[in-house]
Amino acid sequence: MDIVFPLGSYHTDEGMSQCGMNRISKAAEILQSDSQQLAVISGGVLNYGARDAHHPHVLRELLNLGVARDRVVLVLDEATHTVNEAAMLAASLNDKPLQSLTVVTSLVHYPRAPYIFAHFFPLSLLKFSLVANGLEKDGLLFARKKEHDAYHQLQVQRGVYVQNGEFIETTFEQSAFDELVQQRISIEPES
């Protein structure tokens with residue numbers, strides 16, 4: 001099983017964020033380029049944006065972009081942040097024959113998102129597609145600082161905390177992770 005997983009973003013009453021649309025569009029592009037790929041989507045009710053769950057909006061946009069409904073094989077309808085998404089996906093795919101996992105997220109989410117997923121999946125299965133952030137300059141500067149600090153904290157604590165308080169210790173070597181980020185990540189530049 002080859003999975004494409006666009007990480008959740010946010011939406012408002014006016015619609016999907018640009019960040020979210022960039023992720024969804026890239027996921028649809030990957031899915032349309034390889035009929036063997038299947039999609040997983042996520043997104044519960046967030047603490048910001050609209051009051052409804054995020055995943056129905058992701059599904060609607062994928063369908064609008066031409067992805068067949070039967071290619072969306074799993075919905076993580078309670079996931080609200082990256083660690084939660086990685087943990088729920090790992091638990092859901094635990095007994096499935098996973099061949100590859102392509103995580104689609106924003107450039108600003110690098111290297112924290114890959115680092116998180118490396119705690120839940122073998123490095124050899126992971127690929128990442130990083131897309132434009134869809135943020136204005138001030139928002140981008142704030143997001144980059146926040147992501148840098150969060151990534152540094154994960155490295156210092158040598159692991160990640162899952163929503164239920166469980167701690168997943170870092171078991172991979174930094175050099176193996178560095179190899180992953182150098183060889184298995186595609187990046188679309190900001191426009």
Side-chain angles (χ1 to χ4, degrees), residues 4-27 40-55 57-58 61 76-90 101-121 123 126-170 172 174 177-178 180-182 184-191:
V4 176
F5 185 28
L7 296 186
S9 182
Y10 70 94
H11 65 281
T12 65
D13 294 333
E14 286 78 46
M16 185 67 68
S17 68
Q18 186 61 54
C19 177
M21 280 307 302
N22 291 348
R23 294 175 186 187
I24 294 164
S25 296
K26 184 62 177 182
V40 172
I41 62 173
S42 70
V45 177
L46 305 173
N47 293 329
Y48 52 89
R51 288 179 279 226
D52 58 335
H54 185 67
H55 68 275
H57 299 273
V58 175
E61 296 299 339
L76 306 175
D77 59 358
E78 295 181 13
T80 57
H81 57 81
T82 310
V83 174
N84 197 244
E85 287 173 309
M88 287 180 168
L89 183 61
L101 171 60
T102 302
V103 178
V104 181
T105 191
S106 304
L107 184 56
V108 76
H109 216 185
Y110 168 85
R112 187 175 69 91
Y115 193 78
I116 289 168
F117 274 82
H119 285 81
F120 296 92
F121 295 93
L123 297 179
L126 291 172
K127 299 176 191 174
F128 293 86
S129 183
L130 306 177
V131 298
N133 300 301
L135 300 171
E136 298 294 326
K137 184 178 179 182
D138 289 342
L140 184 58
L141 292 173
F142 173 77
R144 282 186 178 151
K145 170 76 170 116
K146 179 180 159 260
E147 286 291 325
H148 171 78
D149 292 348
Y151 174 60
H152 179 71
Q153 177 62 37
L154 293 174
Q155 288 182 305
V156 168
Q157 71 190 24
R158 298 277 306 144
V160 297
Y161 283 96
V162 182
Q163 191 169 10
N164 65 7
E166 177 186 4
F167 183 72
I168 307 295
E169 187 175 346
T170 303
F172 52 86
Q174 186 65 40
F177 178 74
D178 292 344
L180 165 75
V181 298
Q182 290 174 4
R184 299 182 63 107
I185 291 184
S186 65
I187 299 173
E188 288 189 14
E190 291 284 334
S191 51

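V181 and P114 make their closest contact through CG1-CB, 4.2 Å (heavy atoms, listed as atom of the first residue, atom of the second, distance). Of all heavy-atom pairs spanning N84 and A79, the tightest one is OD1-CA, 2.9 Å. Pairing each heavy atom of A132 with each of N22, the nearest pair is O-ND2, 3.0 Å.
The local environment of CD in E169 is sparse, with at most 12 non-hydrogen atoms from other residues, nucleotides or ligands closer than 6.0 Å.
Residues I41 and L76 form no side-chain contact, since every pair of their non-hydrogen atoms from C-beta on lies 4.5 Å or further apart. Residues R23 and L7 are in side-chain contact: their nearest non-hydrogen atoms beyond the backbone lie under 4.5 Å apart.
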*asked:* Quick one, V83 with Q163, criterion side chain to side chain contact (heavy atoms under 4.5 Å, CB included). Give me CA distance, side-chain angles, the key distance, then yes/no.
replied: CA-CA 8 Å; V83 174; Q163 191 169 10; over 6 Å; no

*Which is it for V104 and V4 under the side chain to side chain contact (heavy atoms under 4.5 Å, CB included) test, yes or no, and what are the steps along the way?*
CA-CA 7 Å; V104 181; V4 176; 4.0 Å; yes

*Give the C-alpha distance, both sets of side-chain angles, the deciding distance and a yes or no for side chain to side chain contact (heavy atoms under 4.5 Å, CB included) between T170 and F177.*
CA-CA 11 Å; T170 303; F177 178 74; over 6 Å; no

_From CA spacing to verdict: side chain to side chain contact (heavy atoms under 4.5 Å, CB included), E85, I116_ = CA-CA 10 Å; E85 287 173 309; I116 289 168; over 6 Å; no

*Show your reasoning for whether ring pair (Phe, Tyr, Trp, His ring centres under 6.0 Å) applies to F5 and F121.*
CA-CA 13 Å; F5 185 28; F121 295 93; 8.8 Å; no

*Determine, step by step, whether Q182 and D178 satisfy the side chain to side chain donor-acceptor pair (under 3.5 Å) criterion, reporting the C-alpha distance in whole Å, the side-chain angles of both residues, the deciding distance to 0.1 Å, and the verdict.*
CA-CA 6 Å; Q182 290 174 4; D178 292 344; 5.8 Å; no

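A ring-ring contact (aromatic ring centres under 6.0 Å, His included) with Y115 is found for exactly one of F172, F120, F128, namely F172.
Going from atom CD1 of I24 over to atom CD of E61 covers 5.5 Å, rounded to the nearest 0.5 Å. The distance from the CG atom of L101 to the CG atom of L89 is 5.5 Å, given to the nearest 0.5 Å. One distance of note links CZ of F117 with CG of L126; it measures 8.0 Å at 0.5 Å rounding. The distance from atom CG of L180 to atom NZ of K127, rounded to the nearest 0.5 Å, is 11.5 Å.
Taking E147 as the reference, R112 meet the salt bridge (charged side-chain N to carboxylate O under 4.0 Å, His left out) condition, with sequence neighbours excluded. Take H55 and apply the side chain to side chain donor-acceptor pair (under 3.5 Å) test, not counting sequence neighbours, and it matches no residue. Annotation: side chain to side chain donor-acceptor pair (under 3.5 Å) contacts of S17 (sequence neighbours excluded): S9. Partners of E166 by side-chain contact (heavy atoms from CB on, under 4.5 Å), not counting sequence neighbours, listed by chain and number: V162, N164, I168. By the side chain to side chain donor-acceptor pair (under 3.5 Å) test, Y151 is found to be paired with Q155, residues two or more places apart in sequence or in another chain being considered. For Q153, the side chain to side chain donor-acceptor pair (under 3.5 Å) partners are Q157, not counting sequence neighbours.
Judged purely by atom type and a 3.5 angstrom limit, S106 has no side-chain atom pairing as donor or acceptor with the backbone of V131.
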